[in-house]
Amino acid sequence: MKKFFKELFYFDILIYSKVVVGSMKKYLIIGFIILIILLTGSYFIFFNDKITLSLNGETNNKLEVFTEYKDPLISFKNHNKEIPKAKYILQEESNLDINKIGSYSTNYKIKYKNKDYSITRYFEIIDSTSPTLTVNTEEVQKDYCTKKISTKLEYTANDNYDGDLTDKILTEEKDDKLIISVSDSSNNKTTKELTIKYKDKPKDIFKLNGNSNINVAQNTTYKEQGVKYTDGCGNKIDKEIKTTGEVDTKTIGSYKITYEVDGKSLARVVNVYDPSTYKPTGKKIIYLTFDDGPNYYTSKILKTLDKYNVKATFFVTNQFPSYQKYIKEEYESGHAIAVHTLTHKYDIYTSVDTYLNDFNKMNEIIKEQTGSYTRLFRFPGGSSNTVSKSYNKGIMTELAKRMTEDGYVYFDWNVSSGDASGAGSTKIANNVINGVKKCSSCVVLMHDIKSTTANALDTILESLTQSGYTFATLNENSSTAHHHINN
Ligand SMILES: [Zn+2]
C-alpha cells in the first residue's frame, strides 16, 4: 500500500511537471519577443543623434550706427540638450562694422563629429538720428517796403553721422513762416519754423523840396521847387496838392507858399530882397566866386546857378577871348563882375606899372561888356602868393597898398574848392560843403574853366540851399577874406 502511494506521488509530479514546463516555454518565447522590441525602440530613441543649431538673439538685426553690439552667439543642441562647447569647434565669420551704415552678416560654422553645421545672422546698420539745427532767433523781421527779411540769420547744423551740415541748410518762406530745414545722408530731417513779422508800415512823407526859408534877390527869376509826397516806401502818392501863394520877385517882401493835402500842410517863406542894400544879418552868408573865365564851362555854370537862383561873383580874365560875351551874360543874370587879370601871367608882378597895365586893360573889357568899370578885384594867386617874389620883392605889399588907396577892393578867399589843384567833382563838392561850415561869411574859391567844377556845382548848390544859407554877390562892403601878404 505504501509503495502504491509512493508510486502515485511520483507519477503525479511527473504529470504535473510535464504540464507546467510545457506551458512555461510558451511564455518565455513571448517575453523574449517583447524584450527585442523594447531594445530596438530604445536604440532609436536613445542612441541616434538629434542635432539642432539656432541663433541666440535675432536673426535680422536693425542697429543704430555707433551703438555697442554684443554677439549673443548660438545654441548647439543634441536632443534639445546643449552640447558642451569643448566638444565642437565654432568658427565665426563677420564683416559687421557698427560705425558705418550698411548691410552686414555673421556666419557661424560648427564642426561636430565630422559633420559641418552653419547658420547666419543679418545686420542692417542705420542712422535714424536727425541732425541738430541751431538758429539764432525764433522770429525774423521783414521789411515792409522791400519785402525782404532784414534780420540777420545765423544757423548751424550738425549730424551724429555726417558731421557739419551747415552748408546743406535750406530756407523756405511759407505764408508767415520761415522754414529752416536740414537733412542728413539717411534723410533724417530737422525743421525749425520761425515767425515772420513785418516791420511797421513806414509813415507817408510830405516835405518841401529845398529850404523852408529862401532869400531871392529882387528882379531875378524864382522857381518854386514844390513838395514831395510819397508813401514810406518812396512811391509817389498821386493826389492833388492844394497850393496857395505866389512870389512876386519884382516887389520886395515876404511871401508864403502853402501846400495842403490829406489834412497835412507845409509852408515856405520866400523873401525877396534888394541886392544893392542887402546886409548879412549874422546868418551864414556865402559868396561863391569863379576865377579865370569866361570859358567853355562858364555857360553850364551859369545855368546851374540859375537853377538854384543863386548869385555869384566872377573874377574874369581874357585868357579865352572868344568867350568874352559871357561877361555880359553873367552881369545881366545878376552876378557880380570883378577883375582878375587880362593875361593871368605872373610877369604882371614885375612892377606896379606892368600890373596896372594888365589890370586896366581887363577893366576896359568889363566896361565894354557891362557898361561900367568895377572896383572889385582878386590878385592872380591871391594876395598871399609867393610866386611874385621871383619877379619883384615886396610887390604884393606895394600893390595892396596902392590899389586900396586908389579905391579898389581886393578879395582873397576862406574856402577853397581845391579845383585848381586837380580835385575831382566829388572832392570839390565835399570841400565846399564842409568848408562853409567853418565860416559865417564865406568866400568860396572856384574856377569856371574846369569841367570838374561845372559838374560839382549842382551837388554843391543843392546841399547849400537846403541848409538855408544865404548867397550874395561881393560888393565893396563885403567880407574880403584877406590872406596874410607874404611878399
Ligand atoms: Zn586865377
Side-chain angles (χ1 to χ4, degrees), residues 287-302 305 312-324 326-327 330-331 335-350 352 354-366 369 374-392 395-396 399-400 403 408-423 425 427-428 431-432 435 442-457 460 473-474 478-487:
Y287 302 97
L288 297 180
T289 70
F290 295 93
D291 288 11
D292 295 4
N295 150 296
Y296 173 78
Y297 299 106
T298 306
S299 156
K300 183 173 179 178
I301 284 170
L302 287 171
L305 288 167
T313 303
F314 288 85
F315 290 93
V316 295
T317 71
N318 195 39
Q319 296 185 94
F320 313 94
S322 61
Y323 292 93
Q324 270 184 15
Y326 282 106
I327 297 176
E330 287 161 0
Y331 177 76
H335 305 292
I337 310 298
V339 172
H340 192 30
T341 160
L342 186 83
T343 61
H344 212 295
K345 287 184 175 143
Y346 284 93
D347 62 8
I348 57 171
Y349 292 132
T350 307
V352 172
T354 40
Y355 178 82
L356 286 177
N357 187 36
D358 175 273
F359 181 95
N360 289 329
K361 278 184 184 162
M362 192 63 231
N363 216 353
E364 282 302 333
I365 294 172
I366 291 171
Q369 295 294 327
T374 178
R375 295 199 155 271
L376 316 178
F377 74 104
R378 175 175 282 156
F379 289 112
S383 67
S384 57
N385 85 79
T386 50
V387 188
S388 56
K389 262 187 198 169
S390 60
Y391 296 93
N392 186 333
I395 185 76
M396 295 317 298
L399 284 176
M403 295 300 280
Y408 294 101
V409 182
Y410 74 89
F411 296 87
D412 288 313
W413 58 89
N414 54 13
V415 176
S416 175
S417 67
D419 61 352
S421 39
S425 295
K427 183 89 172 82
I428 290 170
N431 284 343
V432 176
C442 308
V443 182
V444 182
L445 174 68
M446 293 188 275
H447 295 80
D448 58 323
I449 59 166
K450 296 274 182 184
S451 63
T452 47
T453 310
N455 292 333
L457 192 59
I460 292 169
T473 57
L474 290 169
S478 311
S479 162
T480 53
H482 278 176
H483 295 174
H484 176 72
I485 295 174
N486 299 307
N487 177 31

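Whatever order the structure lists ligands and atoms in, that order sets their numbers, starting from 1. Numbering of residues begins at 1 and proceeds along the displayed sequence.
- Interatomic distance, Lys450 NZ to Asp291 CG, rounded to the nearest 0.5 Å: 12.0 Å.
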Kindly determine whether Phe314 and His340 satisfy ring pair (Phe, Tyr, Trp, His ring centres under 6.0 Å), including the steps that lead there.
CA-CA 9 Å; Phe314 288 85; His340 192 30; over 10 Å; no
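- Expressed to the nearest 0.5 Å, how far NE2 of His482 lies from CG of Asp412 amounts to 5.5 Å.
- The N, O or S atom of Asp292 lying closest to the Zn ion (ligand 1) is OD1.
- Interatomic distance, NE2 of His483 versus CG of Asn385, reported as 11.0 Å (0.5 Å rounding).
- Residue His344 approaches the Zn ion (ligand 1) most closely through its N/O/S atom NE2.
- Within His340, NE2 is the N, O or S atom that lies nearest to the Zn ion (ligand 1).
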